[in-house]
There are 2 protein chains.
Amino acid sequence: MAAVRLKLMAKALPSTATRVPYGLLLARLGQDATARFRRALRPLGLTAQQFIVLKQLETIGSTSQSALADALGIDYSNLATVAGELCEKGLIVRTREECDRRRYALDLTDEGSALLEDADRSIGSGEQDMLSALDESERTELWDLLRRMADSLELCPGTEAEACAKADGEASGRQSTP
Amino acid sequence: MAAVRLKLMAKALPSTATRVPYGLLLARLGQDATARFRRALRPLGLTAQQFIVLKQLETIGSTSQSALADALGIDYSNLATVAGELCEKGLIVRTREECDRRRYALDLTDEGSALLEDADRSIGSGEQDMLSALDESERTELWDLLRRMADSLELCPGTEAEACAKADGEASGRQSTP
DNA sequence: TATTGTTATACTCTATAACTATA
DNA sequence: TATAGTTATAGAGTATAACAATA
């Protein structure tokens, strides 16, 4: 009631002062991207989380659960749950490593790879939808900027080469963003 | 130890084929941004969702719940819940509009504005952390690209001017991304 | 009838802690 | 003892549907 804070005169240009913070833009766009994943993946019986883990496993190849959790920057216990689900569905296999029997080696099965192909197709259109405002060179530029941010935060490694290079460098702490 | 999957030859450039999809990068960075919000806001007794709604209300000024939900691209029922919480905390006020008594007008209270200032400060450092890999001009560029994506998806309007311009144009459908 | 807002509910995701087993 | 993984649980976010009040 009362004090209705009219601000009609502020109709000027989007100056730096009135900028929505980066984090807000990223958070909202990320939510939207995740929501698109969910809608596209539901018919395939995959959750967004399961897809992300599956996709990352395809990208970086065979790893342990802890290495995968580090790569994704998500919680160990949550990854254990997701890995269990994927295992039950027969999309990945877990085998104890001989050298250190505490560790599991995670690998995509053929079913997993096949499902991932379907998933990529389902996701494609939503992806294009999100990027429709940008032309080819802008998309490349955006990808590059996002990639560098993600790298500096050690999130979501992009290529096997990158992943290996990084694994050599660190291989320490249990949680990447504690 | 053992089978470390040496792949040193693959250390070439990240070709288009091996690129992680945009949606995956956005989803992961968005999750990280949200997690940073949560950590920064917890001491203030705010959830990430509450902050986003509050911040957006500050940005676009007085609106109805449905307009705010449209602006944020989130679900009406969820916004009703969050608005109720913010109201209980005394951070916003809801007043029925005279011209259409179905609608609420939402406005920040002085407490809400004050808390938002504290929140912005708490969030600042995490924000800088995320952007540390980019220099000043790259940040501007990133912001511009994200802004244009968000605009094309009608998510997270950035300025009052933009919001007004947009409100004139559309003012239709109940859910922005159905 | 169509729209605005509310409530309820199920599902997904995040975060913490306590636990087992291997090293 | 330290590390890899598991389980349990509470809290946060998302998605639907059913409903009341107003237009």
Side-chain angles (χ1 to χ4, degrees), chain A residues 27-28 30-39 41-42 45-53 63-70 72-88 92 94-106 171-178, chain B residues 1-2 27-28 30-39 41-42 45-53 63-70 72-85 87-88 94-106 171-178:
Chain A
R28 283 298 303 132
Q31 282 173 335
D32 198 65
T34 307
R36 283 168 196 271
F37 281 170
R38 265 200 289 276
R39 284 194 292 270
L41 295 170
R42 178 165 300 174
L46 278 182
T47 68
Q49 213 52 221
Q50 290 169 348
F51 168 74
I52 288 176
V53 168
T63 30
S64 68
Q65 289 192 185
S66 68
L68 189 53
D70 269 343
L72 285 166
I74 68 175
D75 203 79
Y76 282 66
S77 62
N78 297 328
L79 190 119
T81 307
V82 174
E85 294 162 359
L86 293 174
C87 220
E88 273 183 20
I92 65 174
R94 287 192 284 199
T95 48
R96 292 285 180 190
E97 292 195 5
E98 294 122 35
C99 56
D100 182 347
R101 295 184 43 74
R102 290 173 306 183
R103 308 179 88 127
Y104 275 126
L106 300 185
S172 54
R174 190 167 166 124
Q175 185 68 0
S176 63
T177 52
Chain B
M1 49 309 271
R28 283 297 303 132
Q31 283 173 335
D32 198 64
T34 307
R36 283 167 197 273
F37 281 170
R38 264 201 290 276
R39 284 194 292 270
L41 295 170
R42 178 166 301 173
L46 279 181
T47 68
Q49 213 53 218
Q50 290 168 348
F51 168 74
I52 288 176
V53 169
T63 30
S64 68
Q65 290 193 183
S66 67
L68 189 54
D70 270 343
L72 285 167
I74 68 175
D75 202 79
Y76 282 66
S77 62
N78 297 327
L79 190 119
T81 307
V82 174
E85 294 161 358
C87 220
E88 274 182 21
R94 287 192 284 199
T95 48
R96 290 286 179 191
E97 292 194 6
E98 294 120 35
C99 56
D100 182 345
R101 296 186 41 73
R102 290 172 306 181
R103 310 180 87 128
Y104 274 127
L106 300 185
S172 54
R174 191 170 166 123
Q175 184 68 359
S176 60
T177 54

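Throughout, protein chains are lettered first and strands after them, A, B, ... in sequence-line order, and every chain is numbered starting at 1.
- Rounded to an integer number of Å, the gap from A/Leu72 CG to C/dT14 P is 11 Å.
- Residues A/Ser64 and A/Arg103 approach most closely at OG-NH2, 3.5 Å, considering heavy atoms.
- Distance from the side chain of A/Asp75 is smallest for C/dT16 among the nucleotides D/dA12, C/dT16, D/dA4.
- Closest to the side chain of A/Thr47, from the set D/dA4, C/dC13, D/dT16, is C/dC13.
- Picking from D/dA15, D/dG5, D/dA4 the nucleotide with the shortest atom distance to the side chain of A/Tyr104 gives D/dG5.
- At the phosphate of C/dC13, neither OP1 nor OP2 sits under 4.0 Å from any side-chain N or O atom of A/Gln50.
- Out of C/dT7, D/dA21, C/dC13, the shortest distance to the side chain of B/Arg102 is found at D/dA21.
- In the interface, the side chain of A/Asp100 is not paired with the base of D/dA4 through any donor and acceptor atom under 3.5 Å apart.
- Within the 4.0 Å cut-off from OP1 or OP2 of C/dT6, at least one side-chain nitrogen or oxygen of B/Arg94 is found.
- Heavy atoms of A/Ala48 sit under 4.0 angstrom from primed sugar atoms or phosphate atoms, though from no base atom.
- Nearest-nucleotide mapping onto DNA chain D: of B/Asn78 and A/Ala83, the residue sitting toward the 5' end is A/Ala83.
- For the pair B/Phe51 CZ and D/dA12 P, the interatomic distance rounds to 17 Å; values are reported in whole Å.
- In this entry the distance linking CD of B/Gln49 with P of D/dG13 reads 5 Å, nearest Å.
- Of the charged side-chain nitrogens involved, none lies within less than 4.0 Å of a carboxylate oxygen, so that A/Asp32 and A/Arg28 do not count as a salt-bridged pair.
- Contact record, B/Thr47 with B/Leu41: O-CD1, 3.9 Å, taken as the closest heavy-atom pair.
- Distance, A/Glu98 CD to D/dA4 P: 18 Å, rounded to whole Å.
- In this structure, B/Leu79 places its CG atom 13 Å from P of C/dT7, rounding to the nearest Å.
- Residue contacts for B/Ala35: at a heavy-atom cut-off of 4.0 Å it reaches the sugar-phosphate backbone alone, with no base atom in range.
- Between the CG atom of B/Leu68 and the P atom of C/dG5 there is a distance of 10 Å, rounded to whole Å.
- The backbone N or O of A/Arg102 sits less than 3.5 Å from a side-chain atom of A/Arg96, completing a donor-acceptor pair.
- Of the two residues contacting DNA chain D, namely A/Arg28 and A/Ala105, the nearest-nucleotide position lying further toward the 5' end is that of A/Ala105.
- In terms of phosphate contacts, B/Gln31 brings no side-chain nitrogen or oxygen within less than 4.0 Å of OP1 or OP2 of C/dC13.
- For the pair A/Tyr76 OH and C/dT20 C1', the computed distance is 18 Å after rounding to whole Å.
- In this structure, of C/dG5, D/dG5, C/dT14, it is D/dG5 that holds the atom nearest to the side chain of A/Ser66.
- Minimum atom distance to the side chain of B/Arg38 is reached by C/dA15, of the listed D/dT16, D/dT14, C/dA15.
- Atom C1' of nucleotide D/dT14 and atom CZ of A/Arg39 are separated by 11 Å, given to the nearest angstrom.
- Atom CD of B/Glu97 has more than 12 heavy atoms from other residues, nucleotides or ligands within 6.0 Å.
- Out of D/dA15, C/dA15, D/dG13, the shortest distance to the side chain of B/Ser77 is found at D/dA15.
- For A/Arg96, the side-chain atoms get nearest to D/dG5 when compared with the rest of C/dC13, D/dG5, D/dG13.
- Residue A/Gln50 comes nearest to A/Gly45 through the heavy atom pair OE1-O, 3.9 Å, listed as atom of the first residue, atom of the second, then distance.
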